[in-house]
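Notes follow the structure.
Since we're looking at a predicted model, the values are computed, not measured. Letters go in sequence order (proteins before strands), and every chain restarts at 1. Note that these values count all heavy atoms, side chains included, but never hydrogens, waters or copies made by symmetry.
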Amino acid sequence: MLALAVQNLVSPSVLFFGMGLGASLGRSDLSVPEAIARFLSLYLLISIGFRGGAEVAHQGVTPGLALAIVAGIVLSAGLPFIAYALLRYGARLDHVNAAAVAGHYGSISAVTFVAITGALTQLALPYDGYMIAVAAAMETPAIFSVLVIARSGQGRAKGELSGDFLREIALNGSIVALLGAFVVGCITGERGMSSLKPFLLDAFPGFLCVFLLDMGLIAGRGLRDGWRSLSPAVAGFAWVMPLIGAVFAALFARLIGLSPGSTAILMTLGASASYIAVPAAMRLALPAANPAIALTLSLGLTFPFNLIVGIPLYIAAAQMIAR
Amino acid sequence: MLALAVQNLVSPSVLFFGMGLGASLGRSDLSVPEAIARFLSLYLLISIGFRGGAEVAHQGVTPGLALAIVAGIVLSAGLPFIAYALLRYGARLDHVNAAAVAGHYGSISAVTFVAITGALTQLALPYDGYMIAVAAAMETPAIFSVLVIARSGQGRAKGELSGDFLREIALNGSIVALLGAFVVGCITGERGMSSLKPFLLDAFPGFLCVFLLDMGLIAGRGLRDGWRSLSPAVAGFAWVMPLIGAVFAALFARLIGLSPGSTAILMTLGASASYIAVPAAMRLALPAANPAIALTLSLGLTFPFNLIVGIPLYIAAAQMIAR
Amino acid sequence: MLALAVQNLVSPSVLFFGMGLGASLGRSDLSVPEAIARFLSLYLLISIGFRGGAEVAHQGVTPGLALAIVAGIVLSAGLPFIAYALLRYGARLDHVNAAAVAGHYGSISAVTFVAITGALTQLALPYDGYMIAVAAAMETPAIFSVLVIARSGQGRAKGELSGDFLREIALNGSIVALLGAFVVGCITGERGMSSLKPFLLDAFPGFLCVFLLDMGLIAGRGLRDGWRSLSPAVAGFAWVMPLIGAVFAALFARLIGLSPGSTAILMTLGASASYIAVPAAMRLALPAANPAIALTLSLGLTFPFNLIVGIPLYIAAAQMIAR
Amino acid sequence: MQMFAKKRIEILIERAVLKRLTEELERTGVSGYSVAPLAGGRGRAGRWEADGQIGDAAGMFALWCIVDAARLDELLQVVFAIVARQVGLVSVSDVQVVRPERF
Amino acid sequence: MQMFAKKRIEILIERAVLKRLTEELERTGVSGYSVAPLAGGRGRAGRWEADGQIGDAAGMFALWCIVDAARLDELLQVVFAIVARQVGLVSVSDVQVVRPERF
Amino acid sequence: MQMFAKKRIEILIERAVLKRLTEELERTGVSGYSVAPLAGGRGRAGRWEADGQIGDAAGMFALWCIVDAARLDELLQVVFAIVARQVGLVSVSDVQVVRPERF
Ligand SMILES: Nc1ncnc2c1ncn2[C@@H]1O[C@H](COP(=O)(O)O)[C@@H](O)[C@H]1O
Ligand SMILES: Nc1ncnc2c1ncn2[C@@H]1O[C@H](COP(=O)(O)O)[C@@H](O)[C@H]1O
Ligand SMILES: Nc1ncnc2c1ncn2[C@@H]1O[C@H](COP(=O)(O)O)[C@@H](O)[C@H]1O
Ligand code: NA
Ligand code: NA
Ligand code: NA
């Protein structure tokens, strides 16, 4: 486990994240153009989705898929309530910000998903291709839980549940890209994969490094500007919540009988926090929340925690828990 | 033929086009940053041009080249007159818009060119490398025919033929990129190709998928905003004109004795409509035309028609016609 | 030597540079979006840095490294004084512009570095992986020499040496990217290289071609707008200075006993002029200087000179000079 | 040329809310509007930069709309209904145009 | 600081026509102009977005030019000769500058 | 709605100097500012285009800042201390806002 942690720590992508972090904490003007950052995130979603689909086309739809998706949805919908309680009553964050942050932690991080599947592949631990569909299914339920939480507040914030809003959430560009590529991957299978392999598979680690460099830059900017406004308790949440999410995910995984590899993935999904799709929904649902808080927590604290401490831990635990 | 149609239909690139179309018809906010879209179109032109040039360097300049180029020029210059007549008197489109749309259909679509060469390669049907030069030669003649048509109008629109305008057309960035890369490919041949292969060749299907996703998004936007303003007759034109263009191209191909593969390509070029180089020329020459009409027809209706129905048809026909 | 010159001349990347040059001299509207150009320069720096680092991890830190770095720093710090003297008293350029241009020629050009290592690889002439560290070390010393030169002027321009300014220079994004990737390459070595190879190595010649196309476009723009304001003497400087830089570099290389391959690299670094990192420093230190002059000289005249004439010459000389 | 006085409303607005604002403006029947990307800025919510942003929410835009003074108040009401709770800024200035009937 | 009144002409213009406009402005001897990209908008010709555009014609820009009031009419004439037939918009507003001799 | 008069300072500035300017503005305690990228322009230093630029120095931005008239002079002084020697341009215009206490 420690070996894996160390190996993760010195993988090129983690080092590029660190390089970005260092550069922006040191106030370097290194930056990735906005259009490139947007493209990289589109590329990652398409690549992940397509590979998941091709994997499912290869393995066939196993009976576990539906169960795993349900588990994922319940997890994503449930975790925000725990996160909210911790933030509101444990860390004394105000109602609106606690609700917004909670939404991020119910949802998942695509790059953390990539990291766990990479680690599993390295360890030759098999996992189910459909877990990417589970990841996609876990993107949005948290958003609706936040709306419920927000309404229960002392009238200080009101969420909205109009049809427009639901459509905006369901048709969010990132989710459409991920699911669309998944479907294309399912349909074209091996044949499609063989023609797209150089772009979507072989070049992936390189694009990922640039993306993580950029994530490091953003995380550093957030930490630099935002660390004063983060109380120790709120910062601590960013390291405690992943463990809680992973524990609940492990319970669900045991319940539905996932394999060790897939269990580790579900735990990682539970432990990870969103920074692509959820922030946009929060700006619409809870405009009074300060977006910098959630971003700094999820990108600056939880993401590296999962990469370095979390993933090795989840894999070790999954091997003990799962049959 | 049907098998090819179905296979085309489930190729990753066509599915990505469909995904983009669906996303934008469904009002998703999925989008490709402008800078990326411009880069992808530059990349495609360079890749196509370079490969054509390397192919010519490999095959040598066969006597058919000059003839094929002349045929392409005549075709590109002639088709706008037919298209104009159909639109003006058949579909009752107004003078200026009929002229502008006609210009798009005289010129060619680079991505449709890629699709036909891909299909030929899959079928192991050989074709001449110089057809990319023919494609390049067919980009602009249509623009001059439009100027002639526009002048003949009832004085409502006047085209312009100043030296500046001619220079702007001839030095259009897209044409320079395509021809320039063709020349570089000719000069460096195999040697150049071997060093650029991973970028220009292996990664091509991947970049093409992102480009087609984007084309689907744009086509969907056009159809969504524009379908009301398209009469059924004008919409029908987008499916009839490709067949007419293909028939004329077949005649020319027979006349100059092209191989079956090259015949299928010339037919596809005749059948396809421009959406990269011509629109800019039309904004200068016919500013009163509504650019959305031509774009919606060529991208939203003709392009998928050629991909799914046209190309299999043209190949089948070419095999019957050509020696 | 002539054979190498000719071969360099017809390499795809040089031809793409020529294509860009021709397109912009001919006033084509071909262009590379700003975000893409910025990304390409980031990509090149990361790729060069990472490969240098992986090479050092492979070869180990040989004793020559420290000596070579010191030689590079002295060279970069010293050349601006010679360049200034030539420009000011030989070419009669005004004080401020002479100082700014001199700074560019003390520093180095990353793309010229790529060209020399490519030529050496083709000739199977080995060189030390740490030369990329030497290149990085030569980026900035010239900037400080310029500040000294500027102060010595007749009070017409005053440089500034505040802590802020030093930090801005040291943490310049380009230098951080190059050095950061170098460190990541050192740490991850072979293992990192094998996962990043398709992106950072295989795709490199392709990305380089697009980058050089862009450099050609910019150089052409500069020559078109700027050639009137360049006196023949100033233009001549752009071809004389590289030779002077190369001679000094050869002396240093001989002194510290570099191998023929590394000698050729040091000569090329001495001969090349910056257009990525130094211009930004000059805008801060010498705002009264006209940035177009330095850019046109280094990109429009010196860069192609080194590519076509210089590199073959430096290699031939290095083989004679070095042990 | 004869010029006619109009009002120019400028709204700085988050990416996530832009679509709502334009749809609402279209519903009121404005003759047109233009949108330009921002690269960064600073306000009560702190400093931000567009470069490198990876989320769907990131980024702000400047939207402006040239309208007749008679419609100003109505439009400001519509705009504030959307923008008031968001990060952003609304300002109004005087401009002159040549073809008054367009607005 | 003492400020001097000048005029600011703003022209929204298509990518395809931008080069003509700047060349024409340079011919009249304006002291300078600036161009910013637009991300989208709506006008008589409908709605458009810059994102994803693949054609050489796609995209619009805002060009503005600070000039002396005395030159306003002449410049508007030049501008309208190019822009009138195109998709676009011209407006004028008042600004103040510190160094009046530059314009 | 009741509107209140404010001043809008607009500064065209090089990429290399932008950070200095924003840091200086923040030091004076302005309530906010916005930055938009330019695509090109022309001035005394000639013509330039953002497209294709490869250097860290390339590019210009328009920064604007809505402030109370009472603070205008102080801010102009700060701005000119940085911008005067650089390529660039400063102009001031009148705007109206709804919530005057923000500026
Ligand atoms: N005084 C100001 N002048 C110009 N732009 C401003 C000003 N205040 C705020 N902004 C812009 O409006 C955005 C949101 O402001 P706020 O809602 O105060 O956080 C900032 O990020 C700036 O881009
Ligand atoms: N009232 C307006 N306010 C601001 N921008 C406008 C307005 N009307 C038109 N525009 C802009 O000008 C472009 C062309 O307008 P039009 O020529 O009417 O199609 C639109 O796409 C908008 O970007
Ligand atoms: N009269 C003007 N109107 C608008 N923008 C200008 C004007 N003069 C200069 N500029 C802008 O300011 C930049 C620098 O001007 P300069 O310092 O004169 O070279 C130019 O590149 C333009 O973007
Ligand atoms: Na989670
Ligand atoms: Na055609
Ligand atoms: Na040098």
Side-chain angles (χ1 to χ4, degrees), chain B residues 20 24 29-42 44 104 110-111 157-158 164-165 168 172-175 177 210-222 224-226 229 274-292 294-295 298-299, chain E residues 9-30 33-63 75-91:
Chain B
S24 84
D29 65 353
L30 180 60
S31 73
V32 175
E34 185 186 8
I36 300 298
R38 299 187 81 80
F39 169 72
L40 288 173
S41 110
L42 179 66
L44 293 184
H104 289 72
V111 177
K158 45 178 233 287
D164 270 10
F165 179 65
E168 279 170 311
N172 172 287
S174 301
I175 293 168
V210 184
F211 189 73
L212 282 177
L213 169 63
D214 186 35
M215 284 181 63
L217 290 166
I218 303 291
R221 238 192 254 163
R224 210 177 64 200
D225 295 349
S229 58
S274 171
Y275 34 70
I276 296 188
V278 173
M282 292 299 113
R283 292 313 300 144
L284 290 170
L286 296 173
N290 178 353
L295 195 75
S298 66
L299 209 55
Chain E
I9 310 180
E10 181 176 287
I11 306 149
L12 307 182
I13 190 162
E14 301 175 70
R15 181 189 293 273
V17 198
L18 177 62
K19 206 172 155 196
R20 287 196 186 173
L21 178 61
T22 57
E23 282 172 1
E24 206 55 53
L25 286 176
E26 286 168 20
R27 219 162 286 154
T28 67
V30 294
Y33 55 81
S34 297
V35 182
L38 297 187
R42 183 182 193 88
R44 294 157 306 170
R47 194 212 301 227
W48 67 275
E49 275 173 54
D51 265 358
Q53 294 293 355
I54 49 179
D56 289 331
M60 292 192 74
F61 293 91
L63 180 151
L75 280 173
L76 284 177
Q77 231 105 43
V78 167
V79 166
F80 268 101
I82 294 170
V83 177
R85 298 187 310 154
Q86 307 288 149
V87 167
L89 188 62
V90 180
S91 61

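For residues 30-37 of chain B, heavy-atom neighbours of chain E at less than 4.5 Å comprise B/S31, B/V32, B/P33, B/E34, B/A37, sorted by residue number.
Within the 4.5 angstrom heavy-atom criterion, only side-chain atoms of B/L299, from C-beta onward, approach chain E.
For E/R44, there are no salt bridge (charged side-chain N to carboxylate O under 4.0 Å, His left out) partners two or more places apart in sequence or in a different chain. Remark: E/Q86 engages E/E14 in a side-chain hydrogen bond (donor to acceptor under 3.5 Å, both in side chains) (not counting sequence neighbours). Residues passing the salt bridge (charged side-chain N to carboxylate O under 4.0 Å, His left out) test with E/E26 are F/R42, F/R47, sequence neighbours excluded.
Residues E/D56 and B/S174 approach most closely at OD2-OG, 2.5 Å, considering heavy atoms. Taking every heavy atom of both residues into account, E/R85 and B/L284 meet most closely at NH2-O, 4.2 Å. Here the closest non-hydrogen pair linking B/A280 and E/A16 is O-CB, 3.9 Å.
In terms of heavy-atom pairs under 4.5 angstrom with chain E, the leader among B/M282, B/M215, B/R221 is B/R221.
To the nearest 0.5 Å, atom CD of residue E/E49 and atom CG of residue B/D225 are 9.0 Å apart. To the nearest 0.5 Å, atom CZ of residue B/F165 and atom CZ of residue E/R20 are 7.0 Å apart.
You'll find the side chain of E/Q53 stays beyond 4.5 Å of the side chain of B/D214, heavy atoms only.
Remark: B/E168 does not engage E/K19 in a salt bridge, criterion side-chain N to carboxylate O under 4.0 Å.
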